[in-house]
Protein chains: 2
Amino acid sequence: MSIQQQKRPRFLRHTRQREAILRVLRMTHEHPTADWIYQEVRKEIPHISLGTVYRNLKILTEMGEAQEMSYGSSYSRYDGDPRLHYHFVCDDCGRIEDLEMPLVEGLEAKAAEWTDGRIESHRLEFHGLCRECNGR
Amino acid sequence: MSIQQQKRPRFLRHTRQREAILRVLRMTHEHPTADWIYQEVRKEIPHISLGTVYRNLKILTEMGEAQEMSYGSSYSRYDGDPRLHYHFVCDDCGRIEDLEMPLVEGLEAKAAEWTDGRIESHRLEFHGLCRECNGR
DNA sequence: ATACGTGCAAACGCTTTGCACTCTC
DNA sequence: GAGAGTGCAAAGCGTTTGCACGTAT
């Protein structure tokens, strides 16, 4: 269940591909999928491969140049408590804790002022290191 | 990109399998994966299949008896804005909007009182229907 | 009797990876 | 020229699905 760090090169190089991917990422607010980015970059670099897109997205995410909107692990996890509550996720071991803290008052109402969608619920999740992973 | 509703039966039946899955789900706070639940239920119903577990988890989630901790869509989406900010996710069409709202003050400090992990960041996401999907 | 649920295995589809080659530094 | 990055294709792997059979109502 542990989320392993993989080996990273000692330094990063500038390549057309990486630059183009970052440019596409910066240029859109659509929260694109890897494949959408691939199609877009292909207009400029027709022979780029999807694998390269994935590799660079991962690197850019690790460098803090982008965010990947998904969970660290590849599979879904289920919570048998259907009530709205918050979670703490350990970014190292993947462990998820329920937080017993009270819900933040008026959060959805506040957010409603910033979108014209209809808000029906929310999800709040804290990330960091659990006690065990922090200790080592 | 649209998240389709699939056909549901007109009524649900009680089965040993469904009951066992729900019981396992209720019994743990570990936010298990489908496979973990499968292994657990297998102790009681050795011939249950993983497909059945997935099917029931989906149904239980739709019935509001459990939560699935992942995004509605199966692929990752990327955000070229690396700053911490909140999102609005349309549960119908999958569209994701950036919210320009200010960060909630003191949120991580508050949460830190309820866990012994070290909090380093958080993620807040509002769900509902975007304007277009709400209108139809 | 009806039609929902299950087991099994194959199919799916997004993502990752091995390998030989290319390109930065 | 060392080693990081790329393209291609195959492999990985969690999840879904088709089908024939079982079973709750």
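So you know, we letter chains A, B, ... as the sequences are listed, proteins then strands, and number each from 1.
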Kindly point out which of D/dT6, C/dG7, D/dA4 is positioned nearest to the side chain of A/P9?
D/dA4
A/W36 CH2 - C/dC14 P separation (whole Å):
17 Å
Among residues 40-48 of chain A, which ones have heavy-atom contacts with DNA chain C below 4.0 Å?
none
Could you tell me the separation between the CD1 atom of B/I21 and the P atom of C/dG5, rounded to a whole number of Å?
12 Å
For ring-ring contact (aromatic ring centres under 6.0 Å, His included), just list the numbers for B/H31 and B/H29, CA-CA rounded to whole Å, side-chain angles, deciding distance to a tenth of an Å, and then say yes or no.
CA-CA 6 Å; B/H31 304 80; B/H29 288 184; 7.8 Å; no
The answer to which of A/R10 and B/G51 contacts DNA chain D further toward the 5' end, by nearest nucleotide, is A/R10
In the single-linkage hydrophobic clustering (I, L, V, M, F, W, Y; side-chain heavy atoms under 4.5 Å), do A/I21 and A/Y38 co-cluster?
yes
A/N56 near the nucleic acid: base, sugar-phosphate alone, or nothing, with a heavy-atom cut-off under 4.0 Å?
sugar-phosphate
Roughly how far, to the nearest 0.5 Å, is SG of A/C130 from CZ of A/R95?
6.0 Å
Which listed nucleotide (C/dT16, D/dG7, C/dC14) is nearest to the side chain of A/R55?
D/dG7
Main-chain N/O of A/R83 paired to B/Q67 side chain as donor or acceptor, under 3.5 Å
yes
Out of D/dG7, C/dC4, C/dT16, which has the shortest distance to the side chain of A/T52?
D/dG7
Could you tell me the separation between the CG atom of B/L57 and the P atom of D/dT16, rounded to a whole number of Å?
10 Å
Going by distance alone, is a donor N or O of one side chain under 3.5 Å from an acceptor N or O of the other, for B/T52 and B/Q17?
no
Atom-pair distance (CG on A/L22; C1' on D/dG5), nearest Å:
16 Å
Indicate for each nucleotide in nucleotides 20-25 of chain C, in 5' to 3' sequence, whether protein heavy atoms under 4.0 Å reach the base (B), only the sugar-phosphate (S), or nothing (-).
----BS
Residue A/E105 excluded, over 12 heavy atoms near CD under 6.0 Å:
no
Could you grab the distance from atom NE2 of B/H87 to atom CD1 of B/I96, nearest 0.5 Å is fine?
6.5 Å
To the nearest 0.5 Å, atom CD1 of B/I48 lies from atom CD of B/Q39 at 11.0 Å
Expressed as a whole number of angstroms, how long is the span from B/M63:CE to C/dC4:C1'?
14 Å
Find the distance A/Q17:CD to D/dC8:P and express it as a whole number of Å.
11 Å
Pair B/S76-A/E68, side-chain donor/acceptor within less than 3.5 Å
yes
Separation of C/dG7 atom P from B/R18 atom CZ, nearest Å, is 12 Å
What is the separation between atom CG on B/L50 and atom P on D/dC13, rounded to the nearest whole Å?
15 Å
